[in-house]
Chemist: 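Handing you a structure now.
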Amino acid sequence: MRKGRFHKSVADIGQRYSESASFDRRLYRHDVAGSIAHAAALVKAGIVSAAEQKQIEAGLREIEREIDSGKFQWDESLEDVHMNIESALTKKIGDAGAKVHTARSRNDQIALDLRLYVKDQINRTSSQLKKLQTALLNLAEKNVDLVMPGYTHLQRAQPIYFAHYLLGQTEAFARDVERLRDCLQRTDVLALGAGALAGSTIVLDRAFVAHELGFSKISQNSMDAVSDRDFICEFLFCLAMIGMHLSRLSEDLIIWSTAEFGFVEFSDAFATGSSLMPQKKNPDMAELTRGKTGRLYGNLMSILTTLKALPFSYNRDLQEDKHALFDSVDTVTAALQIFPAMLAELKINRARMESAANDASLLATDLAEYLVKKGAPFRKAHEIVGKLVATAVKKRRKINDIPARELKKLSSLFDVDVAKVFDVRRSLASRQAIGAPSRKNVGARLDYWRKQLR
Ligand code: ARG
């Protein structure tokens, strides 16, 4: 590449500073696929013969196998994955190899490779998310009748089914799948053919290349094509969001695994000990997932900042997109591998959850609604039950232990049927509107997700 214009070779430190082969080599499969399709387009354009094309394809396949098996000799002084592969090809097949880069620049080549890579990762992440959803559903089905307190402000609020909680998490990850599918639309665009920034005097059949490489759209502006990294921003946002969702699930499990809650216990296989305190069992996998979310946010900020005020079309700054992209992919891939396995072995302390759910104060709102059904305006009912709670607290009693005559003093609307209010499962059964946690709704939603994920 430097043979013509340069008189002096690049300084060693300059070469090390600018090379990307050490990390962009992970794009080799996509790079090879792109070059094979490009060579086919060069045949159509009359630049490469059919015989040369055969040599090119066979050579590239061979290089791909060498890389697969770890035999390929990477040379970082060749800057990047593109030059490494091109130079190996030319060494193998001579002149035909030297024709492959006709009407192509590394600017459109890297845009192509990245889009192919992100498309693959979108599919992988989506199927990993579906496995996580399945693990959540399995846990929900195993504990379908288990009640627990639901929390707001991390204070006991109202009873729910544990399955309702898990189904709620499933909804969040379903949105992640949806978001990835949406991101795919803007990633699924062929950038190859844009050249350095202005296409080429050699006219390629881009529709043919798009078809060969499985792109459903073709970039319509060559400058934008080499400039655009929006799809990486969007993908990194999707991954950051997945991390955020995982961090919230992690946080709940961490809190629930404390002695104070005692709702769940991590399997030994997914917990660690303390080097000092022999009794400790720490939820490190969940903590690390919570922590790694910071990296995912950082990577999103990193790409956005790299792009900020960048002159239009290609600038070498864009090489920096890879660190953020690869790190987020690795981080989310690892977390999504851990979670389904960890959930499958999570021990649920049903007795603790059930007994916490039987805290009568969780049904204080039900009691107010009982009064509403008898004709009290809600604000009034809220105040009456508030007074009842205050009395109970003062007398160190539970709100369902206050005798009927004292209830009557608070409101004449209280009747003998009030005892029924304090049945948790009855309370849950009556929460029937769409999205509310009645047993029937929970069952229907379980069926729905089972079908969706099949
Ligand atoms: N390594 C470069 C990148 O990642 C590839 C494109 C380089 N183009 C160039 N004109 N130097 O963006």
Chemist: Can we say Glu66 and Lys91 salt-bridge, meaning some charged N sits less than 4.0 Å from an Asp/Glu carboxylate O?
Modeler: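 Not counted as a salt bridge, because no side-chain N and carboxylate O are separated by less than 4.0 Å.
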Chemist: Hey, mind stepping through Asn349 and Phe263 against side chain to side chain contact (heavy atoms under 4.5 Å, CB included) and telling me if it holds?
Modeler: CA-CA 5 Å; Asn349 192 342; Phe263 287 175; 5.6 Å; no
Chemist: Is it true that Glu62 and Lys71 have a side-chain N and a carboxylate O under 4.0 angstrom from each other?
Modeler: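 Between Lys71 and Glu62 there is no salt bridge, as every charged N stays at least 4.0 Å from the carboxylate O atoms.
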Chemist: Is it true that Arg106 and Gln109 share a donor-acceptor pair across their side chains at a distance under 3.5 Å?
Modeler: no
Chemist: Is the ring pair Tyr117/His30 parallel, tilted or perpendicular, if the boundaries are 30 and 60 degrees?
Modeler: perpendicular
Chemist: Are Glu64 and Arg61 within salt-bridge range, i.e. N to O under 4.0 Å?
Modeler: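 A salt bridge links Glu64 with Arg61.
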Chemist: Side chains of Asn84 and Arg25: any donor to acceptor distance under 3.5 Å?
Modeler: no
Chemist: Salt bridge or not for Lys281 and Glu265, using N-O below 4.0 Å?
Modeler: yes
Chemist: Would you say Lys99 has more than 12 foreign heavy atoms packed within less than 6.0 Å of its NZ?
Modeler: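 More than 12 within 6.0 Å, yes.
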Chemist: State whether the number of non-hydrogen atoms from other residues, nucleotides or ligands found under 6.0 Å of Asp95 atom CG is greater than 12.
Modeler: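 Counting neighbours around CG of Asp95, 12 or fewer heavy atoms of other residues, nucleotides or ligands fall under 6.0 Å, so no.
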Chemist: Would the number of heavy atoms belonging to other residues, nucleotides or ligands and lying under 6.0 Å from NZ of Lys347 be above 12?
Modeler: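 No.
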Chemist: Tell me whether Arg186 is salt-bridged to Asp230, with the criterion being a basic N under 4.0 Å from an acidic carboxylate O.
Modeler: no
Chemist: Check the orientation of Trp74 and Tyr28. Use parallel for under 30°, tilted for 30 to 60°, and perpendicular for over 60°.
Modeler: perpendicular
Chemist: Hey, are Lys130 and Asp176 close enough for a salt bridge, meaning a charged N less than 4.0 Å from a carboxylate O?
Modeler: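 Salt bridge absent between Lys130 and Asp176.
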Chemist: What do you reckon, are the aromatic ring centroids of Phe261 and Tyr151 less than 6.0 Å apart?
Modeler: yes
Chemist: On the 0 to 90° scale, with breaks at 30° and 60°, tag the Phe162-Tyr165 ring pair as parallel, tilted or perpendicular.
Modeler: parallel
Chemist: Taking the basic N atoms (NZ, or NE/NH1/NH2) and the acidic carboxylate oxygens, is any pair closer than 4.0 Å for Arg290 and Glu251?
Modeler: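 A salt bridge is present here (some side-chain N lies under 4.0 Å from a carboxylate O).
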Chemist: Is atom CZ of Arg248 surrounded by more than 12 heavy atoms (other residues, nucleotides or ligands) closer than 6.0 Å?
Modeler: no
Chemist: Salt bridge check, Lys292 against Asp327: does any charged N sit closer than 4.0 Å to a carboxylate O?
Modeler: no
